[in-house]
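First listed ligand is number 1; within each ligand, the first listed atom is number 1.
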Amino acid sequence: VTVPQRLLLGSGPSPVPRRVLDALAQPTIGHLDPAFAALMERCQERLRQVFRTANAVTLPISGTGSAGMEAMVVNFVRPGDRVVCGVHGLFGARMADELARNGADVVVVEGEWGRALDPQRLIDALGDGAAALFVVHGETSTGVRQPLDGLAAACRERDALLMVDCVTSLAGAPISIDDEGIDVAFSGTQKCLNAPPGLAPLTAGDRALERLEPGRSWYFDLTMLLGYWTEGNGAPPRAYHHTAPINLVYALDEALGLVLEEGLEQRWARHLDAHEHLRQALAERGFERLAPEGEQLASLLCVRVPESVADEAAVRRALLLEHDIEISGGLGPLAGQVWRIGVMGEGARPEAQQRLLDALDTLL
Ligand SMILES: *Cc1c(COP(=O)(O)O)cnc(C)c1O
């Protein structure tokens, strides 16, 4: 098959830079090769820098972002645990489902799709006996950034863990695991990191590790995974657990290198600028952002499709097939009503956005 050249401005995957594709195409070596071990060390160190954490346990889980979610739940949530789960979009709902499947007593704090949740409502729901609080930091289904104010302190007071999905915010919107007091977080490679899908960076701090127990899942058993991913400090030599997706680790390491070369703060600022530029340009064309000012997620712009656009799906199809540009439609209650435009890494550049605007002007 000949794969078309698309400009990926949807909800992910995002554009993968040449350097990352070149890294991916290097020869495959063995998963216990010392050269690969050195790369694993560097990749974990780079992940710590991008997560802004000193957590020793910071590694890519094999699988897409959802694998990170599953690894978090099977290692840190026990059946019967009361877990407060913020749901104001598809990814919060997915987490509530995941928790329920794992036997947690899920307390859902529901909010309108397109708005952030009031942190006080989440804190109130913790009550006395909650074991954990989960929120989605960047809701990709609505383009909303969830404020984390006060959540870590409230969790600490109650001896609960703060667990966060930062799949779409990592490297695209300010998030600092240690400063925010987050106990466990997971992400994905194909959003603001601009690597191909297939790995889920995960980080866990000491408070979480105290609760680590032999996993209910063999594949995601963190203790066994750490036996493969860590060495030194008296740890036994790396032991085979499963075969790491070697070439994806090359790609992730290179993508992280690009993020760090740019600098996290510069990158966050660039995403903010690109978001605002595109928001204005689309507002001039009748597309208003769903999230109110102050609740927007820089890396994903979700806009209402105006009534003047009779068939929004047909426009997206023409964008893809005639102009090679992908954007995403709405999900759940927002299906048919909104467009979701990724402002992720290489997609957060004026040239990419201008291509989209020019194509839209042709089609509308
Ligand atoms: C994309 C995404 C996921 C799931 O990631 P997959 O790679 O599709 O498994 C989870 N949470 C959020 C917020 C996402 O944007």
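Residue-level proximity to ligand 1 for E139 is absent, since no heavy atom of it falls below 4.0 angstrom. When non-hydrogen atoms are compared, ligand 1 lies under 4.0 Å from the backbone of T64 as well as from its side chain.
Counted by atom type alone, S62 and H242 present one or more donor-acceptor pairs between their side chains at under 3.5 Å. In this model, no donor atom of one side chain and acceptor atom of the other lie less than 3.5 Å apart for S169 and R145. Counted by atom type alone, T168 and S299 present zero donor-acceptor pairs between their side chains at under 3.5 Å. No side-chain donor from either of E139 and H88 sits under 3.5 Å from a side-chain acceptor of the other.
Against a heavy-atom cut-off of under 4.0 Å, G65 is close to the following atoms of ligand 1: 5 (O), 6 (P), 7 (O), 9 (O). Close contacts of ligand 1 with G138, meaning ligand atoms under 4.0 Å from a residue heavy atom, involve 13 (C). Short contacts between ligand 1 and R94, defined as distances under 4.0 Å to a heavy atom of the residue, involve ligand atoms 4 (C). In the vicinity of T168, heavy-atom distances shorter than 4.0 Å reach the ligand 1 atoms 14 (C), 15 (O).
If you check which protein heavy atom lies closest to atom 14 (C) of ligand 1, you get K191 NZ, 3.0 Å. Annotation: atom 3 (C) of ligand 1 to nearest protein heavy atom, F91 CE2, 3.4 Å. The nearest protein atom to atom 4 (C) of ligand 1, hydrogens excluded, is given as S66 OG, 3.5 Å; this is a heavy-atom distance. With hydrogens left out, the protein atom closest to atom 7 (O) of ligand 1 is Q190 NE2, 2.7 Å, a heavy atom.
Tested against R211, the residues D206, D159, D183 include a single salt bridge (Lys or Arg N to Asp or Glu O under 4.0 Å) partner, D159.
Taking 4.0 Å as the cut-off, G188 does not count as a neighbour of ligand 1 on heavy-atom distance.
By the 4.0 Å N-to-carboxylate-O rule, R42 lies too far from E45 to be salt-bridged with it.
In the displayed structure, D128 atom CG is contacted under 6.0 Å by at most 12 heavy atoms of other residues, nucleotides or ligands.
With hydrogens and angles ignored, the 3.5 Å screen pairs no side-chain donor or acceptor of R19 with any backbone N or O of E254.
Checking D165, L90, T140 against atom 15 (O) of ligand 1, the nearest heavy atom belongs to T140.
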